[in-house]
Amino acid sequence: MLTIAGKTFSSRLFTGTGKFSSPQVMREALERSGSEMVTVALRRVDLADPADDIMRVLDRERFFFLPNTAGARNHKEAVRLARLARASGGGDWVKLEVTPDPRTLLPDPVDTLLATEELVKEGFVVLPYINADPILALRLQEAGAAAVMPLAAPIGTNRGLVTRYQIEIIIQQATVPVVVDAGLGAPSHAAQAMEMGADAVLVNTAIAVAGDPVAMADAFRQAVIAGRLAFKAGLGRVSDQAAASSPSSGLEFIR
Amino acid sequence: MKIIVNGEDRQAPPGITVAAYVATLGFDPETVVVELDGQILGRFEYDERRLAEGAELELIRFVGGG
């Protein structure tokens with residue numbers, strides 16, 4: 001079981017709710033994923049479409065909602081979005097995202113730390129989305145972040161564990177859960193992150209834009225379970241030299 | 001009277017409450033967050049706060065995101 005800020009999750013796959021082709025596909029995929037935590041964003045309502053409401057589509061008994069601050073370009077905008085999320089009945093949890101550059105969507109480390117300090121002071125449970133920077137992860141942990149969410153690769157790129165080495169260091173050092181977020185494009189990427197000892201992964205694009213999002217959600221579900229099992233089982237050592245798996249003795253009869 | 005809702009000019013009956021106005025737009029007030037003149041309102045305030053000429057309302061809700 002994974003525990004973040006006192007709340008336990010049996011699934012270590014967190015899912016995003018963006019980019020799905022329809023609310024029905026999203027609901028079916030998220031149910032198949034086994035995920036218990038889903039991220040949502042905050043936006044102006046569409047005045048022409050009052051019925052367009054994600055809260056009607058997803059069962060809040062089944063899914064814990066993690067509002068994000070996506071779209072915030074600095075700490076002030078992020079703090080404002082977090083307060084709005086709380087006012088909307090979204091609870092005290094927030095996935096803190098501060099992305100000033102729309103081209104890379106890379107997070108601003110300075111404003112992320114500032115916003116974390118502010119939001120922790122206001123009683124939020126803060127899960128900051130960060131570049132895979134081990135020192136920043138420690139600073140955020142000290143500032144009271146409930147988890148850290150280092151990126152595998154930039155959002156929506158499906159490039160996999162580009163930041164593998166830095167994430168290994170973050171996992172070694174962290175005392176809060178590490179959730180690998182962004183860029184995981186295939187179930188094998190998610191399995192790798194879990195094998196390394198990540199506490200959870202967050203996947204959105206790779207499921208939402210798959211040819212069959214429901215089947216892909218199932219594939220990620222199984223990959224995360226497999227990766228976690230492998231981590232707990234203890235992976236064999238990596239070696240430069242070959243080591244025979246079959247006995248080297250008892251071969252006299254063929255010589 | 002004229003008010004501004006999500007950046008659009010709209011007409012509203014003078015003195016209408018936030019809850020009543022949001023309902024006239026077709027929204028269940030329970031499903032939206034409201035900022036009135038830059039200030040976030042708690043749910044309990046929707047029935048109490050009234051709109052004045054030129055009021056700026058922001059109606060916000062959860063949408064799909066990662």
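What's counted below: heavy atoms across the whole structure, side chains too, no hydrogens, waters or symmetry copies. Within every chain, numbering begins at 1; the chains are lettered A, B, ... in the order of the sequence lines, protein sequences first and strands thereafter.
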### Task
Under the salt bridge (Lys or Arg N to Asp or Glu O under 4.0 Å) rule, what do Glu35(B) and Arg44(A) come out as? Steps first, then yes or no, please.
CA-CA 11 Å; Glu35(B) 263 189 358; Arg44(A) 275 179 166 170; over 6 Å; no

Interface moiety of [X] toward chain B, non-hydrogen atoms closer than 4.5 Å:
X	answer
Asp49(A)	backbone
Ala85(A)	both
Asp53(A)	both
Ala70(A)	neither
Lys95(A)	side chain

Heavy-atom side-chain contact between [X] and [Y] under 4.5 Å:
X	Y	answer
Arg56(A)	Thr31(B)	no
Thr17(A)	Phe62(B)	no
Leu42(A)	Arg61(B)	no
Asn6(B)	Leu47(A)	yes

### Task
I would like to know whether Val40(A) and Val63(B) meet side chain to side chain contact (heavy atoms under 4.5 Å, CB included); could you show each step before the answer?
CA-CA 6 Å; Val40(A) 288; Val63(B) 300; over 6 Å; no

### Choice from Arg10(B), Glu30(B), Arg43(B), Glu8(B) maximising heavy atom contacts with chain A below 4.5 Å
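Looking at each option in turn, the highest pair count goes to Arg43(B).
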
### Max heavy-atom pair count under 4.5 Å with chain B, selected residue of Ala41(A), Gly156(A), Pro23(A), Gly16(A)
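Of the options given, most contacts go to Ala41(A).
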
### Task
Give the minimum heavy-atom separation between Val33(B) and Ala87(A), together with the two atoms involved.
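Nearest heavy atoms, Val33(B) then Ala87(A): CG1-CB, 3.8 Å.
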
### Task
Could you tell me which non-hydrogen atom of Gly26(B) sits nearest to which non-hydrogen atom of Pro50(A), and how far apart they are?
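Of all heavy-atom pairs spanning Gly26(B) and Pro50(A), the closest is O-CB, 3.1 Å.
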
### Query
Could you state the interatomic distance from CZ (Arg80(A)) to CD1 (Ile60(B)), rounded to the nearest 0.5 Å?
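Taking CZ in Arg80(A) and CD1 in Ile60(B), the distance rounds to 6.5 Å.
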
#### Entry: Contact origin within Ile40(B) toward chain A - heavy atom pairs under 4.5 Å
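Answer is side chain: those atoms of Ile40(B) sit under 4.5 Å from chain A.
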
### Interchain contact, Val34(B) with chain A, by part (heavy-atom threshold 4.5 Å)
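Neither part, no heavy atoms under 4.5 Å.
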
### Task
Assess whether atom CD of Glu77(A) is packed by more than 12 heavy atoms of other residues, nucleotides or ligands within 6.0 Å.
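Correct, the count exceeds 12.
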
